[in-house]
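Per chain, numbering begins at 1; letters A, B, ... match sequence-line order.
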Amino acid sequence: MPELPEVETVRRGLAPVVEGAVLTRVTVNRPDLRWPFPENMAGRLTGQRVLRIGRRSKYLLFDLSGGETLIVHLGMSGRMLISAGTARATPGAFHLPQRAAEKHDHVVFDLSGGARVTFNDARRFGLMDLVATDATDRHRLLRDIGPEPLGNGFDARLLADRLAGRRSPVKTALLDQRVVAGLGNIYVCEALFAARISPLRPAATLAEPQVAALVPAIRRILTDAIAAGGSSLKDHRQATGELGYFQHDFKVYGREGQPCCTPGCPGVIARIPQAGRSTFHCPDCQT
DNA sequence: CTGCACGCCTGCCCGC
DNA sequence: TGCGGGCAGGCGTGCA
């Protein structure tokens with residue numbers, strides 16, 4: 001599910017409810033997701049105030065008053081859903097929806113003020129970890145991640161540097177989180193289409209104008225997707241439970257066999273395997 | 001160093 | 001209606 005736009009959508013939904021609130025109770029319904037939870041996670045979280053929620057690549061970062069940061073990755077199917085807590089505890093959260101417990105509710109965070117945040121993840125490819133806040137950037141899962149594509153430092157020169165020397169197809173290179181942060185299968189396909197670049201082209205052979213086109217294409221796709229609340233194929237929900245709706249704006253992803261939407265292009269969208277994943281592209285107008 | 005297959009999980013959809 | 005196979009938004013590991 002979640003690529004950068006979905007994670008950012010979840011972050012924006014959580015922030016007004018969670019920032020400033022205290023974790024009054026943390027319920028862990030199983031001992032692990034992809035990996036075991038950190039030692040005594042519930043105990044270390046309980047009583048902490050959430051100072052702010054940040055995001056790095058596809059990771060949510062909950063900075064806590066005690067000097068630790070909770071790192072959360074949603075994997076493929078993870079959700080963070082806001083609801084009202086128990087009826088007795090909700091005088092300040094009367095406007096939030098009630099939510100019955102569901103299968104795969106692995107961790108439940110009850111907050112001062114009466115809100116509840118439930119982490120639900122059917123496939124359990126998600127993860128949680130705790131790290132000293134001032135060491136977050138050096139965490140083994142974060143330290144090698146490339147530039148944020150919506151940040152100021154991301155430009156054609158930087159991207160060209162990161163693609164240089166790579167013989168793999170540009171599609172595969174852009175999925176590598178060390179090249180650029182936060183892109184996944186959907187948005188790489190869409191960005192390459194927007195920039196009219198073939199996913200098959202070896203990364204290092206992109207012409208300068210192509211790299212120059214790719215940067216704003218990536219930014220635009222991600223920005224538009226965030227504005228749409230992300231893409232809901234199966235699993236993605238915003239923190240409010242609403243669907244995202246950027247899937248209706250896909251130009252190539254999931255559109256195998258349909259006509260290319262570039263005006264005047266006779267092409268038909270193709271699906272090809274690359275590095276074990278499906279790539280969607282127009283063989284006619286992406287070169 | 002790069003590139004790639006694999007495994008981790010569950011759910012869903014398709015064809016038979 | 002049931003069953004097997006393939007597929008799915010990610011990513012770390014291990015091997016060539």
Closest approach of [X] and [Y], non-hydrogen atoms and distance?
| X | Y | result |
| --- | --- | --- |
| Arg162(A) | Arg178(A) | NH1-O, 2.6 Å |
| Leu74(A) | Met80(A) | CD2-CG, 3.9 Å |
| Ala173(A) | Arg166(A) | CB-CD, 3.9 Å |

Counting primed atoms, P, OP1 and OP2 as sugar-phosphate and everything else as base, the B/S/- map of nucleotides 7-14 of chain B against protein heavy atoms under 4.0 Å is BBBBSS--
Can you see if the side chain of [X] gets near the phosphate of [N] - specifically, an N or O under 4.0 Å from OP1 or OP2?
| X | N | answer |
| --- | --- | --- |
| Arg166(A) | dG3(B) | yes |
| His73(A) | dG10(C) | no |
| Lys58(A) | dG9(C) | no |
| Ser231(A) | dG9(C) | no |
| Arg277(A) | dG9(C) | yes |

Could you tell me how far apart [X] ([atom1]) and [N] ([atom2]) are, to the nearest whole angstrom?
| X | N | atom1 | atom2 | result |
| --- | --- | --- | --- | --- |
| Leu4(A) | dC11(C) | CG | P | 11 Å |
| Leu127(A) | dG10(C) | CG | P | 14 Å |
| Gln274(A) | dA5(B) | CD | C1' | 16 Å |
| Glu3(A) | dA8(C) | CD | P | 13 Å |
| Trp35(A) | dT13(C) | CH2 | P | 6 Å |
| Asp235(A) | dG9(C) | CG | P | 11 Å |
| Tyr187(A) | dG10(C) | OH | C1' | 14 Å |
| Asp121(A) | dG10(C) | CG | P | 13 Å |

Practice prompt. Please state the P separation for the pair dC9(B) and dC3(C) - nearest whole angstrom.
Written response: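 The answer is 24 Å between these two P atoms.
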| task | Take atom C1' in dG9(C) and the same atom in dG3(B), then report the distance between them in whole Å. | result |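 Roughly 22 Å separates the two C1' atoms.
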Within 45° of the six-membered ring axis of Trp35(A) and under 6.0 Å from that ring's centre, is NZ or CZ of Arg140(A) located there?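 Yes, Arg140(A) sits over the ring of Trp35(A).
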Across the strands shown, which category fits Leu141(A) at heavy-atom distances under 4.0 angstrom: base, sugar-phosphate, nothing?
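Touches sugar-phosphate only.
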Quiz item: Do we see a donor-acceptor contact under 3.5 Å between the side chains of Ser112(A) and Thr24(A)?
Solution: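 On atom types as modelled, these side chains do not qualify, holding no pair under 3.5 Å.
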task: Consider only side-chain N and O atoms of Asp63(A) and Thr69(A), and report whether a donor and an acceptor are under 3.5 Å apart.
output: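 Judged by distance alone, the side chains do pair up.
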Residues two or more places apart in sequence or in another chain: which of them pass side chain to side chain donor-acceptor pair (under 3.5 Å) with Gln258(A)?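 Partners of Gln258(A) under the side chain to side chain donor-acceptor pair (under 3.5 Å) test: Arg255(A).
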Pairs under 3.5 Å (Watson-Crick or G-U), crossing ones as [ ], inter-strand ones as |: DNA chain B comes out as .|||||||.|||||||
Please step through side chain to side chain donor-acceptor pair (under 3.5 Å) for the pair Arg271(A) and Ser278(A), ending with a clear verdict.
CA-CA 6 Å; Arg271(A) 177 167 71 113; Ser278(A) 288; 3.0 Å; yes
Between Arg30(A) (side chain only) and Asp32(A) (backbone N and O only), is there a donor and an acceptor less than 3.5 Å apart?
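Side chain of Arg30(A) to backbone of Asp32(A), a donor-acceptor pair under 3.5 Å: yes, one is there.
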Checklist entry - Which ones in residues 244-252 of chain A lie close to DNA chain C, meaning a heavy atom under 4.0 Å from one of its atoms? => result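 Nothing qualifies; none.
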Checklist entry - Between dC4(B), dC11(C), dG9(C), which nucleotide has the shortest distance from any of its atoms to the side chain of Tyr253(A)? => result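 In terms of side-chain proximity for Tyr253(A), the closest of dC4(B), dC11(C), dG9(C) is dG9(C).
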- Message: Run the salt bridge (Lys or Arg N to Asp or Glu O under 4.0 Å) test against Arg12(A) and tell me which residues pass, sequence neighbours left out.
- Response: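 For Arg12(A) the salt bridge (Lys or Arg N to Asp or Glu O under 4.0 Å) partners, ignoring immediate neighbours, are Glu8(A).
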Test of understanding: with salt bridge (Lys or Arg N to Asp or Glu O under 4.0 Å), list the residues that count as partners of Arg157(A), not counting sequence neighbours.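 Applying salt bridge (Lys or Arg N to Asp or Glu O under 4.0 Å) to Arg157(A) gives none.
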Should we say atom CZ of Arg55(A) is surrounded by more than 12 heavy atoms from elsewhere, each under 6.0 Å from it?
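Yes, enclosed.
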